[in-house]
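Structure, as structure tokens:
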Amino acid sequence: MSFNLIDIRNWPRKDYYNHYMHGLRCTYSLTANIDITGMRAALKSMNKKIYPAQIYMLTTIVNRYQEFRMNIDADGNLGIWDELSPSYTIFNKEKETFSSIWTMYSTSFIQFYEHCISDIACYSSAANLMPKPDGPLNTFNISCLPWTSFTGFNLNVYSDGSYLPPIFTIGKFIEQDKKVLMPLAVQVHHSVCDGFHVGRFINALQELADNYNDWLYK
């Protein structure tokens with residue numbers, strides 16, 4: 001995948017980027033509940049697991065909007081990836097530890113699901129943090145806390161404050177009023193992503209969940 005450099009001098013977002021990257025570095029998080037009632041029922045009828053579907057949905061919307069595909073290369077240059085693949089956590093029940101693995105993204109859900117299930121099965125007993133080799137540079141992070149629901153979640157990244165890729169955290173489902181809601185925390189860097197962009201992302205993700213018939217069987 002290509003990493004396309006941004007000419008910051010002529011970039012419409014130049015002032016915002018310089019302020020929130022070089023003036024007042026700022027990240028923020030937002031938590032929303034995504035209604036997955038219909039999608040969850042459909043997956044159950046297909047005897048398929050929901051975690052790969054959650055990963056697929058997040059990756060699909062990430063790849064729709066460039067604000068979620070920005071990063072800084074090894075030389076400090078800002079750019080946008082053509083496409084990102086997900087890096088996500090899996091849990092080792094015996095050791096009570098987690099690992100982070102990746103699966104190459106495919107627009108075909110059926111194809112992505114099969115590869116994701118295969119990767120999870122292969123590394124589910126791993127005892128180290130990153131057991132799958134040759135991780136690509138064009139990834140973003142997803143973690144899952146299926147043991148507890150939450151109404152807010154804040155991830156503190158102690159670095160120089162220049163980490164740009166989004167970080168998503170999925171919580172335990174909330175069942176109320178005959179609906180199944182998925183708590184989702186989104187963490188982004190303000191230099192490349194504003195509240196408008198996060199709001200648009202959440203709305204697009206909900207639309208994708210509502211219209212699961214358009215992609216779940218393809």
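By convention here, the first residue in the shown sequence is residue 1. Since the model is a prediction, treat every value here as computed from it, not as a measurement.
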Which pairs count as side chain to side chain donor-acceptor pair (under 3.5 Å) when at least one residue sits in residues 149-163, sequence neighbours excluded?
->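 For residues 149-163, and leaving out neighbouring residues, the side chain to side chain donor-acceptor pair (under 3.5 Å) pairs sorted by first residue read Ser29-Asn154, Asn141-Tyr163, Asn154-Asn156, Asp160-Ser162.
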Any residue meeting salt bridge (charged side-chain N to carboxylate O under 4.0 Å, His left out) with Arg64, in chain and number order, not counting sequence neighbours =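 Expected list: none.
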Donor-acceptor pair between Thr169 and Ser143 side chains, under 3.5 angstrom =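 Checked: Thr169/Ser143 side chains pair up, N/O donor to acceptor below 3.5 Å.
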Where do Gly171 and Phe150 come nearest, in terms of heavy atoms and distance?
->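 That would be CA-CE2, 3.4 Å.
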Residues forming a side-chain contact (heavy atoms from CB on, under 4.5 Å) with His19, sequence neighbours excluded |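 Applying side-chain contact (heavy atoms from CB on, under 4.5 Å) to His19 gives Leu24.
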To the nearest 0.5 Å, how far apart are OG in Ser100 and CG in Leu129?
->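 That separation rounds to 6.5 Å.
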Do the two ring centres, one from Tyr56 and one from Phe109, sit under 6.0 Å apart?
->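 Under 6.0 Å, so yes.
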Proximity of Tyr20 and Tyr28 rings by center, below 6.0 Å |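 Centroid distance Tyr20-Tyr28: not below 6.0 Å, so no.
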Which of these, Thr31, Leu205, Asn33, sits in a side-chain contact (heavy atoms from CB on, under 4.5 Å) with Leu184?
->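 One option only clears the test, and that one is Leu205.
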Not counting sequence neighbours, which residues clear side chain to side chain donor-acceptor pair (under 3.5 Å) with Asp7? List them please.
->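 Asp7 satisfies side chain to side chain donor-acceptor pair (under 3.5 Å) with Arg9, Asn10 once adjacent residues are dropped.
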Test log, rule ring-ring contact (aromatic ring centres under 6.0 Å, His included), inputs Phe91 and Trp147 | CA-CA 11 Å; Phe91 189 64; Trp147 311 278; 5.0 Å; yes
Any residue meeting ring pair (Phe, Tyr, Trp, His ring centres under 6.0 Å) with Phe173, in chain and number order, not counting sequence neighbours |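 Phe173 satisfies ring pair (Phe, Tyr, Trp, His ring centres under 6.0 Å) with no residue once adjacent residues are dropped.
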In the hydrophobic clustering that connects Ile, Leu, Val, Met, Phe, Trp and Tyr at side-chain heavy-atom distances below 4.5 Å, which members other than Leu181 occupy its cluster, ordered by chain and number?
->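 Its cluster mates, by chain and number, are Ile174.
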Hey, is Glu207 close enough to Arg200 for a salt bridge, meaning N to O under 4.0 Å?
->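 Here Glu207 does not pair with Arg200 in a salt bridge, since their nearest N and O are not under 4.0 Å apart.
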